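Atoms within a ligand are numbered from 1 in the order they appear, just like the ligands themselves. Quick caveat, the model's predicted, so the values are computed rather than measured.
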Amino acid sequence: MSLIGQSVTVLGAGVAGLAVARALALRGAQVTVLEQADAVREVGAGLQISPNGAAVLRALGLGAALEAVSTRAAAVELRDGPTGDLVTRLDVAGAGYHFAHRADLIALLLEGAREAGVELRLLQKIEAVDLTGARPGWRNAQGGTGETGLLIGADGLHSQVRRALTGKVAPFFTHQVAWRALIPESPGVPNVAEVHMAPGQHLVSYPLRGGRLRNIVAVEERRTWVEEGWSLRDDSMDMKLAFQGFSPRVRGWLEQVQDVWLWGLFRHPVAREWFRVTEQGAAVILGDAAHPTLPFLAQGACMALEDAWVLADALATHDSLAAGLAAYQAARASRCTRIVEAANTNARLYHLSGLARGVAHLGLRLGSVVAPQAALRRFDWLYKHDVTAR
Ligand SMILES: Cc1cc2nc3c(=O)[nH]c(=O)nc-3n(C[C@H](O)[C@H](O)[C@H](O)COP(=O)(O)OP(=O)(O)OC[C@H]3O[C@@H](n4cnc5c(N)ncnc54)[C@H](O)[C@@H]3O)c2cc1C
């Protein structure tokens with residue numbers, strides 16, 4: 001299906017929305033992005049972009065921009081939280097793993113979308129999506145309405161488009177919370193992602209922006225409920241107290257934390273229905289709107305990038321909207337479900353306690369002596385998958 005001149009409306013200017021907007025505009029579509037915020041901005045936090053995500057940025061012509069704003073990872077180290085002892089080290093130098101500031105990734109995608117001719121409209125909070133008419137329609141917070149031929153829901157965790165497709169789904173609290181913070185770092189520190197693990201807790205940290213900043217995500221199991229969202233601030237003392245049993249290295253980082261955000265971790269099912277064809281149009285979802293994930297494999301943004309490429313490619317290479325969208329869902333649903341499930345499993349592994357913890361750590365230590373790269377090869381299906389290769 002030729003996309004030249006096709007009018008497309010994308011809801012949401014996050015990773016998924018900006019990436020799919022560029023991918024479609026490069027193929028000739030006329031793309032408008034509606035974003036609720038008054039500016040495209042991002043929270044202060046880091047992102048790991050693994051080779052499967054980086055492949056999409058390269059295919060979108062943004063490889064040089066990615067290299068300019070990110071740092072290439074040299075290794076991943078798993079460490080015992082209380083002692084700081086190394087459990088195992090995975091050498092990833094040359095494998096194409098990047099550390100990036102979220103704001104830098106969003107800025108490069110925004111520039112990429114604009115350069116491809118995408119129109120961005122801010123202050124467009126969509127309050128309801130209607131898929132019962134001939135064409136997908138919506139109502140915004142000011143009471144204005146609109147409709148389009150192809151509506152793409154890249155509107156994240158609380159997606160209005162997903163709600164119109166599948167109804168409201170109640171997520172469940174995992175009884176885990178994540179603090180995230182940035183602290184200053186000294187340029188020249190090794191480009192290593194460190195995971196410090198203890199029963200019921202773990203902390204991930206890596207340098208950003210050429211080593212001038214350090215990203216920290218600290219996860220703890222707890223009984224009390226915490227809101228799901230990016231904007232809830234917490235007292236940095238709570239985080240320091242929670243991790244006071246960790247090694248001096250980790251405590252030293254936490255001493256420097258000033259601003260900290262707290263995020264309740266919820267599990268959401270992967271959407272059953274990713275698209276609907278109406279009489280004269282269609283609606284489809286991607287990214288967190290379709291498959292929110294726990295952050296324990298660092299794949300949410302990478303999946304969003306993969307979705308964006310596959311969706312644009314499927315539409316361009318099939319005869320009709322219906323065939324293209326069916327091919328997109330078929331290509332993505334099982335892979336995304338597998339990734340979401342693998343992230344759930346990682347949460348359990350990092351937080352083991354007692355005998356299970358001892359056995360798992362011993363296994364990892366032995367593995368790093370006998371077959372250091374075997375642990376990484378287990379994830380070839382994930383990181384070595386290139387959705388842009390045909
Ligand atoms: C602590 C943490 C660490 C993470 N680390 C990593 C990592 O290392 N690697 C990785 O790949 N992923 C990571 N992720 C996941 C990743 O950030 C998300 O999966 C990714 O940002 C999803 O992108 P998205 O575009 O689908 O949604 P979002 O980024 O949520 O974007 C949605 C956009 O839609 C807009 N919007 C929402 N509703 C409306 C509406 N009604 N009307 C108009 N606009 C609307 C929003 O304002 C926003 O701009 C992490 C997540 C967390 C919380």
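Atom NZ of Lys240 has more than 12 heavy atoms from other residues, nucleotides or ligands within 6.0 Å. Atom CD of Gln258 is surrounded by 12 or fewer heavy atoms from other residues, nucleotides or ligands within 6.0 Å. Within 6.0 Å of the CG atom in Asp38, the count of heavy atoms belonging to other residues, nucleotides or ligands exceeds 12. By the 6.0 Å contact criterion, CZ on Arg121 is open, its count of non-hydrogen atoms from other residues, nucleotides or ligands being 12 or less.
Protein heavy atom at the shortest distance from atom 38 (N) of ligand 1 is Asp155 O, 3.5 Å. The protein atom (non-hydrogen) at minimum distance from atom 10 (C) of ligand 1 is Ala298 O, 3.2 Å. Among protein heavy atoms, the minimum distance from atom 31 (O) of ligand 1 is reached at Gly14 CA, 3.6 Å. Nearest to atom 19 (O) of ligand 1 among the protein's heavy atoms is Asp288 OD1, 2.8 Å. Among protein heavy atoms, atom 16 (C) of ligand 1 sits closest to Ala301 N, 3.6 Å. In terms of protein heavy atoms, atom 39 (C) of ligand 1 is closest to Gln36 OE1, 3.4 Å. For atom 8 (O) of ligand 1, the closest heavy atom belonging to the protein is Gln48 N, 2.7 Å. Looking only at protein heavy atoms, the nearest one to atom 7 (C) of ligand 1 is Leu47 CD2, 3.3 Å.
In this structure, Arg332 fails the cation-pi test against Trp274, since its NZ or CZ atom is not both closer than 6.0 Å to the six-membered ring centre and inside 45 degrees of the ring normal.
Here Pro292 has no heavy atoms under 4.0 Å from ligand 1, in either its backbone or its side chain. With a 4.0 Å cut-off on non-hydrogen atoms, His158 does not touch ligand 1 at all. The parts of Cys302 lying near ligand 1 are both backbone and side chain, judged by heavy-atom distances below 4.0 Å.
Geometrically, ligand 1 and Ile126 share a nitrogen or oxygen pair separated by less than 3.5 Å. Of the polar atoms of Ala304, none of the N or O atoms is found under 3.5 Å from an N or O of ligand 1, judged by distance alone. Inclusion of Val217 in the set of residues having an N or O under 3.5 Å from an N or O of ligand 1 is not warranted.
Within ligand 1, the atoms closer than 4.0 Å to a non-hydrogen atom of Val15 are 25 (O), numbered from 1 in the order shown. Using a 4.0 Å cut-off to heavy atoms of Gln124, the atoms of ligand 1 that qualify are 42 (N), 43 (C). Each of the atoms 32 (C), 33 (C), 34 (O) of ligand 1 lies under 4.0 Å from some heavy atom of Ala154. When each atom of ligand 1 is checked for a heavy atom of Lys125 under 4.0 Å away, the hits are 42 (N). Contact atoms of ligand 1 toward Gly287: 26 (O) (distance under 4.0 Å to a heavy atom of the residue).
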**Request:** Please report the C-alpha distance between Val204 and Gln48 in whole Å, then the side-chain angles of each, then the deciding distance to 0.1 Å, and finally whether the side-chain contact (heavy atoms from CB on, under 4.5 Å) criterion is met.
**Result:** CA-CA 11 Å; Val204 180; Gln48 298 174 54; 4.1 Å; yes

**Request:** Let me see the working for Glu67 and Arg72 under salt bridge (charged side-chain N to carboxylate O under 4.0 Å, His left out), right down to the final yes or no.
**Result:** CA-CA 8 Å; Glu67 296 295 338; Arg72 281 193 175 239; 2.7 Å; yes

**Prompt:** How far apart are the C-alpha atoms of Arg27 and Asp313, what are their side-chain angles, what is the distance that settles it, and do they pass the salt bridge (charged side-chain N to carboxylate O under 4.0 Å, His left out) test?
**Reply:** CA-CA 9 Å; Arg27 293 169 190 265; Asp313 190 53; 3.4 Å; yes

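Residues Thr166 and Arg272 bring no donor and acceptor atom of their side chains to less than 3.5 Å of each other.
In the candidate list Trp179, Trp261, Trp263, Trp263 is nearest to atom 53 (C) of ligand 1, counting heavy atoms. One option in Glu127, Glu228, Glu35 has a heavy atom closer to atom 35 (C) of ligand 1 than any other, and that option is Glu35. The heavy atom nearest to atom 27 (O) of ligand 1, considering only Gly17, Gly156, Gly53, is found in Gly156.
Between Phe243 and Phe246, the ring planes lie perpendicular to each other; the angle is over 60°, past the 30° to 60° tilted range. Under the 30°/60° scheme for interplanar angles, the aromatic rings of Tyr97 and Tyr383 are found to stand perpendicular. In this structure, Tyr206 and Phe99 have parallel ring planes: the angle between them is below the 30° cut-off, well short of the 60° mark.
Salt bridge present: Arg22 and Glu115 bring a charged side-chain N and a carboxylate O closer than 4.0 Å. Ion pairing between Arg162 and Asp155 fails under the 4.0 Å rule for side-chain N and carboxylate O.
Heavy atoms of Arg102 come nearer than 4.0 angstrom to ligand 1 in at least one pair.
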